[in-house]
Q: 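The structure that follows is given in the form of structure tokens.
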Amino acid sequence: MDGEINMLDQLVEHLKSATASEQPEATIKTLLTAFVEQPEQAKSAMPDFDQDEAILYEDDQISIWYCRFQPGASVPPHNHNMSAVIGVFHGTERNDMYERGDKDILKPLKSTDIHAGEVLSIAPDAIHGVTCTSAEPSEAIHVYLGALSRVDRDLYDMEHGTVLAFTDENYSQLTQDKN
């Protein structure tokens with residue numbers, strides 16, 4: 001129907017407005033929690049994306065991504081250099097958190113499973129890797145407080161103990177080696 005705003009469009013508009021609030025991260029977390037608390041409804045609001053990642057919106061204040069991880073797929077440790085809030089509405093996404101040790105070697109801190117209907121906030125200086133631990137793909141909305149596609153980021157090669165620039169080429173190479 002023309003003129004009807006769907007649930008996903010409403011979420012994107014509310015998330016964009018949240019950047020002007022006194023506590024943007026807390027407001028975004030509240031909005032994502034409300035969106036994913038009924039996972040089947042959230043899933044039905046999603047279009048059928050051809051790609052596993054899609055930028056729903058991005059400006060200097062916020063980046064809103066749809067992210068799908070296939071069962072067993074892993075994203076190598078990386079940083080965002082900005083706060084992030086993740087709302088899962090299908091499957092389970094495990095986030096492995098790290099800290100930098102001597103000579104840029106990563107030390108594991110903790111792992112957190114985010115199940116459908118749950119939300120996780122990640123600090124601006126956090127380093128994390130993501131793995132889909134469910135038998136079906138995990139699907140989530142990832143919200144970053146900044147322009148994620150335009151910030152310099154790091155990608156960590158755990159096998160060789162090296163830090164790489166987060167580029168499409170480096171990301172592709174590390175995920176092909178791992179998956």
Side-chain angles (χ1 to χ4, degrees), residues 1-39 41-69 73 75-91 93 95 97-98 112 114 116-130 132 137-156 163-172 174-175:
M1 293 176 211
D2 290 341
E4 184 176 314
I5 297 177
N6 70 34
M7 194 170 148
L8 179 58
D9 291 338
Q10 283 183 321
L11 175 66
V12 169
E13 289 305 312
H14 289 141
L15 291 169
K16 288 166 45 178
S17 296
T19 62
S21 72
E22 286 185 30
Q23 297 181 316
E25 187 176 338
T27 304
I28 288 166
K29 186 172 184 178
T30 298
L31 290 167
L32 277 183
T33 299
F35 182 74
V36 303
E37 70 186 355
Q38 295 180 8
Q41 184 178 0
K43 185 163 175 49
S44 70
M46 289 295 161
D48 291 327
F49 290 102
D50 293 335
Q51 302 293 322
D52 285 340
E53 292 183 345
I55 299 175
L56 303 176
Y57 180 81
E58 183 174 88
D59 66 14
D60 290 340
Q61 305 303 311
I62 193 169
S63 299
I64 306 167
W65 290 56
Y66 163 82
C67 295
R68 175 176 50 220
F69 300 108
V75 175
H78 60 279
N79 61 15
H80 300 120
N81 292 324
M82 62 186 68
S83 295
V85 183
I86 300 166
V88 175
F89 58 86
H90 187 77
E93 177 182 306
N95 280 257
M97 308 303 288
Y98 300 89
T112 303
I114 314 169
E118 297 177 345
V119 175
L120 175 72
S121 293
I122 299 175
D125 61 348
I127 299 168
H128 78 133
V130 181
C132 175
S138 65
E139 295 179 80
I141 300 294
H142 289 217
V143 180
Y144 308 94
L145 287 167
L148 186 67
S149 69
R150 297 191 303 260
V151 68
D152 290 333
R153 302 167 54 205
D154 295 322
L155 190 60
Y156 298 84
V163 181
L164 307 170
F166 195 117
T167 64
D168 289 341
E169 182 180 339
N170 288 340
Y171 176 81
S172 182
L174 287 180
T175 55

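Because only heavy atoms are used, hydrogens play no part in the values below, and waters and symmetry mates are left out as well, while side chains stay in.
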Q: If you look at every heavy atom in P76 and L174, which pair is closest and at what distance?
A: CG-CB, 3.7 Å
Q: Quick one: CD1 on I122 to CG on N79, what's the gap to the nearest 0.5 Å?
A: 11.0 Å
Q: In sequence, state the C-alpha distance, the side-chain angles, and the governing distance for R150 and D60, and then conclude on side chain to side chain contact (heavy atoms under 4.5 Å, CB included).
A: CA-CA 9 Å; R150 297 191 303 260; D60 290 340; 2.4 Å; yes
Q: Can you tell me how far CZ of R153 sits from CD1 of I127, rounded to the nearest 0.5 angstrom?
A: 12.0 Å
Q: Can you classify the ring geometry of H78 versus H128 as parallel (below 30°), tilted (30 to 60°) or perpendicular (above 60°)?
A: tilted
Q: How far apart are the closest heavy atoms of L31 and A18, and which atoms are they?
A: CD1-CB, 4.0 Å
Q: Quick check against the 3.5 Å criterion: does E58 have a side-chain atom that pairs as donor or acceptor with the backbone of S149?
A: yes
Q: Quick check for you: to the nearest 0.5 Å, what is the distance between S83 atom OG and K29 atom NZ?
A: 11.5 Å
Q: For the CZ atom of R68 and the CD atom of Q51, what is their distance to the nearest 0.5 Å?
A: 8.5 Å
Q: Specify the closest pair of heavy atoms between E53 and C67, including all atoms of both residues, with the distance to one decimal.
A: CG-SG, 4.4 Å
Q: Is there a side chain to side chain contact (heavy atoms under 4.5 Å, CB included) between L148 and F166? Walk through the geometry before answering.
A: CA-CA 11 Å; L148 186 67; F166 195 117; over 6 Å; no
Q: Can you confirm whether L56 sits close enough to F49 that some side-chain heavy atom of one is under 4.5 Å from a side-chain heavy atom of the other?
A: yes
Q: Check the pair I114 / E93 against side chain to side chain contact (heavy atoms under 4.5 Å, CB included), numbers first and verdict last.
A: CA-CA 5 Å; I114 314 169; E93 177 182 306; 4.2 Å; yes
Q: Mind checking whether I62 and V143 have side chains closer than 4.5 Å, heavy atoms only?
A: yes
Q: Run the side chain to side chain contact (heavy atoms under 4.5 Å, CB included) check on M46 and F89 step by step: do they pass?
A: CA-CA 10 Å; M46 289 295 161; F89 58 86; 3.5 Å; yes
Q: Kindly give the heavy-atom pair with the smallest separation between P24 and L145, and that separation in Å.
A: CB-CD2, 4.2 Å
Q: Any donor and acceptor pair, going by atom type alone, linking the side chain of S121 with main-chain N or O of V85 inside 3.5 Å?
A: no
Q: I need the minimum non-hydrogen distance between E37 and P39, along with the two atoms involved.
A: O-CD, 3.3 Å
Q: For A165, does its backbone N or O pair with a side-chain atom of N170 as donor and acceptor, under 3.5 Å?
A: yes
Q: Nearest 0.5 angstrom please: M7 CE to Q41 CD, how far?
A: 4.0 Å
Q: Just by distance, do the side chain of S172 and the backbone of D168 share a donor-acceptor pair under 3.5 Å?
A: no
Q: Calculate, to the nearest 0.5 Å, the distance between atoms CD1 and OH belonging to I86 and Y144 respectively.
A: 6.0 Å
Q: For K16, does its backbone N or O pair with a side-chain atom of T19 as donor and acceptor, under 3.5 Å?
A: yes
Q: Please determine which of L15, I141, I64 meets the side chain to side chain contact (heavy atoms under 4.5 Å, CB included) test together with I28.
A: L15
Q: Could you report the tightest heavy-atom contact between A126 and M97, atom names first, then the distance?
A: CB-CE, 3.8 Å
